[in-house]
Amino acid sequence: MLKPGLLRFLAGLFFSLVIGWYVFPYALYEKFEQPIQFSHKVHTGETGGLSCTDCHEIKSDGRFSGIPALEKCASCHSSAIGTSSQEKILVDEYVSKNREIPWLIYAKQPQNVYFSHASHVKLAALECTECHGSHGSSDSLRPFQRNRISGYSRDIWGSTMSRINRASWDGAKMDDCENCHDRRHVANTCLKCHK
Amino acid sequence: METNHTSPRYGMVIDVDRCTGCGNCMVACAVENNVPPADPKATERTGTTWMRVSKLENGLPFPENRSVYLPVSCQQCDHHTPCVSVCPQNAVEYDTESGIVAQIPVRCFGCRYCVTACPYHARYYNWWDPVWPEGMEKTLNPDVSTRMRGVVEKCNFCHGRLQAARAKAAAEGRRTIADAEYVPACGESCPTHAIHFGNLSDPNSDVSMLSKDKRAFRLLEELGTEPKVYFLSEQDWVHAIVKNKISTELKGHGNG
Amino acid sequence: MQFVGGSALGLLFTPIPWKVLNDSAIWTQNWPWIPAPLTGEFTSFGTTCTLCQSACGMRARSVGKQPVSLSGIPGHPFNNGSLCTAGILAHHLRYHPSRLRQPIKFLPGTGYGTPLSSTTVVDEISRCLNGNRGPVVILDGRPGRTASALFGQLGEAHPAVRYIPMSAPAFDVLHTMSDAPLGPLGYDIDGARLLVNFGAPLFDAWGTPSRASKVMDTRASKTQTVIHVEALCSRSASRSDQWIAARPGSEALLALSLACVMIEEKLYSAAAARTIGDFGEFSDYIRTFSPEAVSGASGVRPETIRTTARAFASQSPALAIVGNDASYETCAAVMALNILAGTVGHTGGVARRNAIPDAAVFPSSGVRAVSLHDVPDHSICTLIIDESLSGCTLSDALLEKKLVPKDATIISLSPFVTSRPYCTQYVVPSTVMFETMSDVPGPIDAAVSSLAVSAAVLQAPDGMMDAVQFAQMLGRALGSTTASGTTEELVKQRVAAIHASKRGTVFAPSTGVSTALQQCASADELWSALAEGGCWMDDAARGDNAPAAMTLMNAFRAAQISLPQSHNVDQLFVVPFAETTIYNGTPVSPLLSKVSQESGLRLSLRQAYVNPATAMARSVANGETISLTTKNGSMTVQAKVDASVMPDVIFVSIAGSRESSVSAHSAHDVRLLCNVNENGSFSSTPVSLQKVTA
């Protein structure tokens, strides 16, 4: 039989493991809904017929447009297409008021990080999915999770706390960038990625 | 795999005889690199000027007195880079792909060894948090991150502009950039075209040829740090004063 | 107990300690109160700088529409890729901490203003203008704009209103010397072989910012010589071919003694002399200023004066120029030199520009412009000033002299508080660059007329007016008609008129080249070239444009230049010192601290240059505080010991004196210590120096 002391010890152990692995991750991140829902699937599928680069383009000066500005949305959605509630918000709150949509950017890196889509896509020929996974075929936008301490998006750390057995797109910490650079024999000097 | 067998080494040649000491380079640098306006308590010793123009006088009384202006930024030492060797935190690094001495303020914990080690007084410690008048933070350059108090910062040849030039080249499928595509803010703003900038590794570049001119000199050359910033002057007294200043300063260090 | 132990051990196998450590470390790198740059689309656009009349083409890199940095447009005919220190910071002006947010009213004798609402201020201005109180004068610090045309219309439509365009002070004087209107003037520096420069900072942002570079380039080909006259070895003095160290305030005497040599040795242009109606009287007057007589007061050897005069006469075309802050006397004397050399209206001299061909849009009866100096003293009841432009060097002393004492009112349009405690003042807040459409006349150092445009890209704060709206508001208050329409519509009309004239060339930033306007298909095409930072330049005026008839002595009688009595050799003098004329007194950006407070490259407010010998004789060391006392008052300044300045003269900075205090008449302004002469200029004033011990 287990001694009561050992039992209490194991109970404590179990308690903190539960807290640490299940409660803590939940409490650490603050969840925010996107200002409106958006379906990549609809836009890229038969209905929309768009390709990724129709909205997310590398411009001639080498800068990446990132999330497109409202102008891009308004070029099709100048008036409501369909009757969904989200469509109504898009047109009434943003397009007609000419207000930029305050999207919450999952892949947002801190301001001291420099990243060039042009060199990764054009020169290194990486696929979008290498870092962004299947985001491009998602049907809805998941809540944005913001780290309460650092303020970073959860996507920087990745979906799991342990960071074990992750896909290439799950997490974008400095380690992840460095490891990929190492694998591809690309320099890992500070100024390569910092500004 | 990216190969870099001919990595550029960027350098600068400043024609002292053309410099009028207007200060354009200093303010253009501050705009480009998000350096804030002075704290009310800041002085000539505690202010932050990655590029600083100093007056150099011939030492004669009025009206024989003549002066030139010497714009001094980080001299981007190529060898024995003093700040790199003393940093306990790896916050300073010699960038092998550009020859630029990189300062990474987010890694810096503010011990200021590098400030003391730098023979050119080209490193600046942030004594205060950066403050911009209300609204002026909208004019910050997105290609450069802002820094906080308690860290050291310095000139990096407007590395954000190098990154932008590389990105533009990448968009066109190129891995190399021409000298004309990348000019730091100080060089761009100089109204008398006193500041030349380019790749010292390319023997045919403007800066390579000027650096071998007989008018060329470097600051504290005898320290052997091989700075990548050269100066040009036809005036003998400028060369003489630069040499003499070195010996006085070195003596000063020895006594101190 | 065991539970706690187990939890503690378990905790180590959870992410809590490690993740919290990681995230806290990240937090220390990203303090939330440190501002971050904007995110958004990175783009760029071209525009024209409006800080001064030089009309520099500039390219703004921007996030969305918000400019984040500015640089010159290469190939631009005026600035060829260069900007001045103030121009580089022009996008900060909008956010300047001392910007005026709402109308304000000052009563005489108080430094504190009462804020007014936008409607109240219009009502009060209207009452003030309709009260039949007496003459109203509109001063325009930058003639040639659309707003200037509207101010001119006010002057023509209303009998009580007089419009006074103020060009460069020297040109104002030259205008009064000519019997017939001279039209717009400019210096044809590119064409001059010899330049005698009376203190203009030629190598330090005088004229277009590319001027220094151009002059340096001519040096290599030895096509131009520059002689600089100044009391200190300034940036411009040390880079000129020759520097003549003249005592401060003796520039007018020196110029007259050059004229004296030209007359004595018959070196003047005979053709020019025939056009001077009072040449005989002028010659007699000028003979009193022989090099020997002037030498003592100016500190310049008679031989130097003679050699310079001979060079000026022989190296034709020769041009004499002055700085924008030069006194009336200096301007008169220096312009007389150009008249004697016969270079007014000639290549390489004072160029007479053709007027901008927009007469159809803004008809004017061509009434001869008057100078503020011609207005009787103490006669102006209401003064309207457009101070929405930086760098207007308006002498407060002169203004005070022209206004009716105690009872005058000033109505000014300004982005900043500019209080004048000697009268009632309304200040209407104005828009600044990037917030309003504006047209810019050409630089002082260009031989031909030109027009450039600066577009509104950012939303102006509520209640701010631009100069055109201000003129229209005044028009409504006076019951006069002014051109109606938005600023953009009016500027477009001017541009269309220029296009219709088919004159001149247009520089388009998109191609980087200038082409004949005749090749420009439509007014819209011209407009888009101008709106993206290009400019239109007129053809050079053809043939001999020398003025037909001149009368010089009126100006010299007003100038009252006299040889000073010999002074005590040990006497110290104080002079106000403006290191750069573009932004002195008017705020631009707090980032200018880089070149003053943070580096000492230029003088800050309450700093003064002192010669080492002068300092040593009074045991003053560099950086120590000294107290200066004249018969007008005293102030303390920090001494910057500098061997490039003349002994026994203290050069006190006037940089930022407006910026740093609510009142221009404050203890920070050295001009209050100085004697003011009849023409409102400050003369070098005897001073006593005391070292202040902490």
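Below, read A as the first sequence line, B as the second, and so on, with proteins coming before strands; counting in each chain starts at 1.
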Atom NE2 in B:H193, atom CE in C:M216: separation rounded to 0.5 Å? 10.0 Å

Within the structure provided, determine whether C:H92 and B:V31 are in side-chain contact (heavy-atom separation under 4.5 Å). yes

As an exercise: rank B:P37, B:C190, B:S189 by heavy-atom pairs under 4.5 Å with chain C and give me the winner. B:P37

Where does C:V645 contact chain B at under 4.5 Å (heavy atoms): side chain, backbone, both or neither? backbone

Output for pair (B:R147 CZ, C:W31 CH2), nearest 0.5 Å, gives 14.0 Å

Please check this pair: side chain of C:R239 against backbone of B:C19, looking for a donor-acceptor N/O pair closer than 3.5 Å. yes

C:R301 atom CZ, neighbour heavy-atom count above 12 within 6.0 Å: no

Please tell me if the side chains of C:S213 and B:R18 come closer than 4.5 Å, counting only heavy atoms from C-beta onward. yes

Let me know if C:A231 has heavy atoms under 4.5 Å from chain B in its side chain, its backbone, both or neither. backbone

Pick one of side chain, backbone, both or neither for C:N79, based on which atoms fall under 4.5 Å of a heavy atom in chain B. neither

Heavy-atom cut-off 4.5 Å, strictly under: side chain, backbone, both or neither for C:T28 against chain B? backbone

Among B:V151, B:T192, B:D17, single out the residue with the greatest number of heavy-atom pairs under 4.5 Å to chain C. B:T192

Rounded to the nearest 0.5 Å, how far apart are CE of B:M136 and CG of C:L591? 7.5 Å

Output for pair (C:S604 OG, B:E44 CD), nearest 0.5 Å, gives 7.5 Å

Would you mind reporting whether C:L601 and B:K55 have side-chain heavy atoms less than 4.5 Å apart? no

For chain C, which of B:T49, B:V131, B:D143 has the most heavy-atom pairs under 4.5 Å? B:T49

Interatomic distance, SG@C:C233 vs CG@B:L60, rounded to 0.5 Å, equals 11.0 Å

Does any backbone or side-chain atom of C:Q597 lie under 4.5 Å from a heavy atom of chain B? Answer side chain, backbone, both or neither. both

Using every non-hydrogen atom in the two residues, find where C:P647 and B:F62 come nearest and quote the distance to one decimal. CD-CD2, 3.5 Å

Assess whether atom CD of B:E172 is packed by more than 12 heavy atoms of other residues, nucleotides or ligands within 6.0 Å. yes

For chain B, which of C:N611, C:L89, C:V63, C:N80 has the most heavy-atom pairs under 4.5 Å? C:L89

All heavy atoms of C:E598 vs all of B:G47, minimum pair found to be OE1-CA, 3.1 Å

If I measure from the heavy atoms of chain C, does B:P105 come under 4.5 Å with its side chain, its backbone, both, or neither? neither

Test salt bridge (charged side-chain N to carboxylate O under 4.0 Å, His left out) on C:R219 and B:E234; report intermediate values, then the result. CA-CA 14 Å; C:R219 183 159 302 161; B:E234 258 171 14; over 6 Å; no

Counting N and O atoms only, with roles assigned by atom type, does the side chain of C:K594 sit under 3.5 Å from a partner on the main chain of B:T48, one being a donor and the other an acceptor? yes

Quick check on side-chain contact (heavy atoms from CB on, under 4.5 Å): which of C:S98, C:P590, C:S589 does B:P133 satisfy it with? C:P590

Show the numbers, then the answer: is there a side-chain contact (heavy atoms from CB on, under 4.5 Å) between C:W243 and B:R66? CA-CA 11 Å; C:W243 165 48; B:R66 289 293 179 279; 3.6 Å; yes

Restricting to ring pair (Phe, Tyr, Trp, His ring centres under 6.0 Å), what partner residues turn up for C:F78, sequence neighbours left out? C:H76

Can you confirm whether B:Y113 is buried at OH, in the sense that more than 12 heavy atoms of other residues, nucleotides or ligands lie under 6.0 Å from that atom? no

Of the listed C:A36, C:P97, C:S599, the one with the largest count of heavy-atom pairs under 4.5 Å with chain B is C:S599

Under the side-chain contact (heavy atoms from CB on, under 4.5 Å) criterion, do C:I88 and B:M26 qualify, and how do the steps go? CA-CA 11 Å; C:I88 290 172; B:M26 293 176 67; over 6 Å; no

Between C:L38 and chain B, which part of the residue has a heavy atom less than 4.5 Å away: side chain, backbone, both or neither? both

Give the minimum heavy-atom separation between C:P209 and B:P191, together with the two atoms involved. O-CB, 3.6 Å

Using the side chain to side chain donor-acceptor pair (under 3.5 Å) rule, collect all pairs that involve residues 30-43 of chain B, keeping only residues at least two apart or in two chains. B:E32-B:N141, B:E32-B:R161, B:E32-C:R61, B:T43-B:T46

Can you check whether B:G21's main-chain N or O pairs, donor with acceptor, with C:R235's side chain at less than 3.5 Å? yes

So what's closer than 4.5 Å to chain C heavy atoms on B:E188: side chain, backbone, both or neither? both

Quick check against the 3.5 Å criterion: does B:K138 have a side-chain atom that pairs as donor or acceptor with the backbone of C:V68? no

I'd like to know whether CE of B:M209 has more than 12 heavy-atom contacts from other residues, nucleotides or ligands below 6.0 angstrom. yes

Taking every non-hydrogen atom, the tightest pair across C:P37 and B:V144: CG-O, 3.7 Å

Hey, could you give me the CD1/OG distance between C:I34 and B:S145, rounded to the nearest 0.5 Å? 11.5 Å

Contact winner vs chain B - C:D217, C:L70, C:T39, C:V215, heavy-atom pairs under 4.5 Å: C:D217

With a 4.5 angstrom heavy-atom cut-off, which part of B:R107 approaches chain C: side chain, backbone, both or neither? neither

Does any part of the side chain of B:C22, heavy atoms only, come nearer than 4.5 Å to the side chain of C:R602, both counted from C-beta? yes

How close do C:N30 and B:M148 get, heavy atom to heavy atom, and via which atoms? N-CE, 3.9 Å

Under 3.5 Å, side chain of B:T146 to main-chain N/O of C:P35, donor-acceptor pair present? yes

For atom NZ of C:K214, is the number of surrounding heavy atoms from other residues, nucleotides or ligands below 6.0 Å larger than 12? yes

